[in-house]
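A short write-up of the structure that comes next.
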Amino acid sequence: MRIFKHPILDFPKKKVIHFQFDGVEFSGVEGDTIASALYANGIKKLSESVERHRARGLYCAIGNCSSCYMTVDHIPNIKTCVTPLSEGMIVESQIGKGVIR
Amino acid sequence: MLDKTGVATPEQVKSRFPQPEQLLKPKAIIECYEDIPCNPCSTSCPFHAIEIGDDINNQPQLNVDLCTGCGICVTSCPGLAIMTAEIRNNLAIFKIPYEFLPYPEPNSIWNGVNRDGKVICDANIVKVLLTNKQDKTVLVTVSVDKKYLYDFVTVRNKNE
Amino acid sequence: MTNKELIIVGGGPAGLAAAYTAAQTGCHVLLIDRNPQMGGQLIKQTHKFFGSEKQFAKTRGLNIAKKLISDVETCSDRIEIICDATVVGLYADQVVNVLHNEKYYKYHFDALIIATGAGEKMLAFENNDLPGIYGAGAVQTLMNLYGVLPGQNIVMVGSGNIGLIVSYQLIQAGVHVKALLEAAPKIGGYKVHASKLRRLGVDILTQTTIQRAIGNGCVNQIETIELDDSWKPIKGTEKLIDVDAVCIAVGLSPLYQLLAMGGAELKYVPELGGMVPIVDGLHQTTINNIFVAGDVAGVEEASSAIVEGYLSGLAAAAKIGYQQPDYQKSIADYQQQLKNLRSGPFGAKIRAGLKKVEAKTNA
Ligand SMILES: Cc1cc2nc3c(=O)[nH]c(=O)nc-3n(C[C@H](O)[C@H](O)[C@H](O)COP(=O)(O)OP(=O)(O)OC[C@H]3O[C@@H](n4cnc5c(N)ncnc54)[C@H](O)[C@@H]3O)c2cc1C
Ligand code: SF4
Ligand code: SF4
């Protein structure tokens, strides 16, 4: 869910950015990080923990805690809470430690 | 009470009100009950009616005679802890800070709310002021029945 | 390797303030921040600040950030800024290692100010790792920076100023704050913040904590429990609350890791939020020419972070040869401002904490 009206802040309309998440087309807006775009689309489970496969979402949103690791454009362990979203990105839930290709 | 729930006791509230006869003109009611490092109420008052002193942890003291009830301190206080109050005939008239959307419309009826967050009365919106200086804290003038003088604290949309 | 006169790590209020006073002396500064924009915690704070005029009281946090950034921009001939750059290493021979655009860069410095701020603490309870459970800073970032709601029905855990303020901001954004839980018998933050929340109808539940979260893939319920006077859970007081988000605001702890790597002497001081460096009156650590400012030296407030920044910027510049004629006077003024900010009852904890980290050889 996005905020459109706010008593203190302005959220003007921004350019739409398209990306893929686990094979499905989604869109975010300019200025989004990967994680903020996913959350705006209601997706809170980003990946799974390495050993016990527990659901992982973002916790700190400032690139400090590594709870939001995903595979982005085939590169694993990207901190999606601080990585800007860009057009055509391929974002995938990361299962396990990720593979460097 | 205040420590546990955030609601000041009736005695605390009353201690911040001047005598009813002094409220024939609007006066600031400063509900700041703690020594915190803060003083914009004092520095913003154009009439030097609020005294904090050199130690900014002191609680603000109102000089009722100097206060004109202009409401500048109301929108300057970062704690939203100040309103003005005035008694006119059967009405208690307040100027309160408000920071939510939608803003009240003049001449509409909103709910009057007490310090415990409960709806207690109807509140008639008299005036809604927002200047650049207020930096997005709206100053709402509202009138309620005089008997809610010590209970009323804010307004809430009827639809909420 | 490039040599820099003064490197500042972290562009929050402390780092920005330090860059400004240091540049005023003629010193050349390199300011590094890992975020895409400068301003640290301030850029997501929509409320008006406390303090006095010298620390920009009654200005909204995000506008204080703008002011500090524009001050720094007036000295752009002496302050070089790199964003999106993380300082990942601090070595004994006065070298930092910076990761920027997937490349590592090494810089030698004459003096260094570490102003990395603080990170959020977590709370132990069952299923605390479910998505939808966030730190308060994350909620603020999502909502105030990206305009994305963290959820629609939320419970806040922690009644310090951050918990109280973020709850209010959530309501401003249109979120329903179902309750605010506090394990202690009393509200931790300023009562003015608590009162403005209570009058909006938010239940502030003291002596109550979160016992577990429930949900599959995302939190959708929590169980709360009341605590007795010795902080033990009272059986039978469990309650379930439907939520789609939980916000944890149980404090911050200093980001001391670089200091540890560089070998600065650290001490665990709970009053200051965790591991903090031993410092002298000029905020110099036990490593010569390495200074600290802001939350990394003890979790406090933006107002004190700014003043500490001004002070350490001057001190670090003076240390490497840029001493102003009125240096002593300015330092004394900043020290007095800090004293004023900390002199009330809310400053008692900070005062006790700072006593523990004062270096014996006080400058
Ligand atoms: C919800 C909330 C409400 C608050 N309300 C108030 C208030 O009303 N009044 C008040 O005075 N204070 C308030 N504060 C506190 C205030 O925001 C902080 O005390 C202040 O921001 C600390 O400043 P700082 O510069 O030390 O750290 P920060 O603002 O945290 O800045 C640190 C910076 O360092 C960067 N960084 C960290 N590590 C690295 C690295 N390795 N490499 C490069 N860069 C790095 C970070 O990206 C960040 O930008 C509030 C805080 C919060 C979270
Ligand atoms: S209402 Fe006006 S005159 Fe009275 S204390 Fe406030 S600012 Fe001063
Ligand atoms: S500005 Fe508000 S919170 Fe600050 S001291 Fe004055 S009344 Fe208290």
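Because the structure is predicted, anything quoted here is derived from the model rather than measured. Here is how names work: the chains are called A, B, and so on, in the same order as the sequence lines, proteins then strands, and each is numbered from 1.
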Is it the side chain or the backbone of A:Ser67 that comes within 4.5 Å of chain C heavy atoms, both, or neither?
neither
Using only atom types and a distance under 3.5 Å, with no angle test, would you say the side chain of A:Lys44 pairs donor to acceptor with the backbone of C:Pro150?
yes
Between the CG atom in C:Leu142 and the OG1 atom in A:Thr33, the distance rounded to the nearest 0.5 Å is 7.5 Å
Over all heavy atoms of both residues, which pair between C:Pro131 and A:Gly57 is shortest? Give the atoms and the distance, please.
CG-N, 3.5 Å
Ranking C:Val219, C:Asn127, C:Leu130 by heavy-atom pairs under 4.5 Å to chain A gives rank one to C:Asn127
Okay, A:Arg2 and chain C: the region with an atom under 4.5 Å from a heavy atom over there is both
Which atoms of A:Phe11 are under 4.5 Å from chain C, going by heavy atoms: the side chain, the backbone, both sets, or neither?
side chain
First locate atom CD1 of A:Ile62, then atom CZ of C:Arg34, and finally report the distance between them rounded to the nearest 0.5 Å.
5.5 Å
Of the listed residues (C:Leu62, C:Asn35, C:Leu255), which shares the most heavy-atom pairs with chain A below a 4.5 Å separation?
C:Leu255
Region of C:Thr141 that comes under 4.5 Å of a non-hydrogen atom in chain A:
side chain
For C:Asn144, is it the side chain, the backbone, both or neither that has a heavy atom under 4.5 Å from a heavy atom of chain A?
both
Please flag which part of C:Lys44 lies under 4.5 Å from any non-hydrogen atom of chain A: side chain, backbone, both or neither.
side chain
Please classify the contact of A:Leu58 with chain C as side chain, backbone, both or neither, using a heavy-atom distance under 4.5 Å.
both
For the candidates C:Gln169, C:Arg60, C:Glu120, C:His47, which exhibits the highest count of non-hydrogen atom pairs separated by less than 4.5 Å from chain A?
C:Arg60
Between C:Gly147, C:Gly132, C:Gly135, which residue shows the highest count of heavy-atom pairs closer than 4.5 Å to chain A?
C:Gly147
At a 4.5 Å cut-off on heavy atoms, which part of C:Gln140 comes close to chain A: side chain, backbone, both, or neither?
neither
With respect to chain C, which residue among A:Asn64, A:Val82, A:Val29 yields the maximal number of heavy-atom pairs within a distance under 4.5 Å?
A:Asn64
Interatomic distance, C:Lys48 atom NZ to A:Ile8 atom CD1 [nearest 0.5 angstrom]
7.5 Å
Proximal component of C:Asp244, with respect to chain A [non-hydrogen, under 4.5 Å]
both
What pair of heavy atoms forms the shortest contact from A:Tyr59 to C:Tyr134, and how long is it?
CE1-C, 3.4 Å
List the atom of A:His6, the atom of C:Ala173, and the distance in Å for their closest heavy-atom pair.
CD2-CA, 4.1 Å
OH of C:Tyr146 to SG of A:Cys81: how many Å apart, nearest 0.5 Å?
7.5 Å
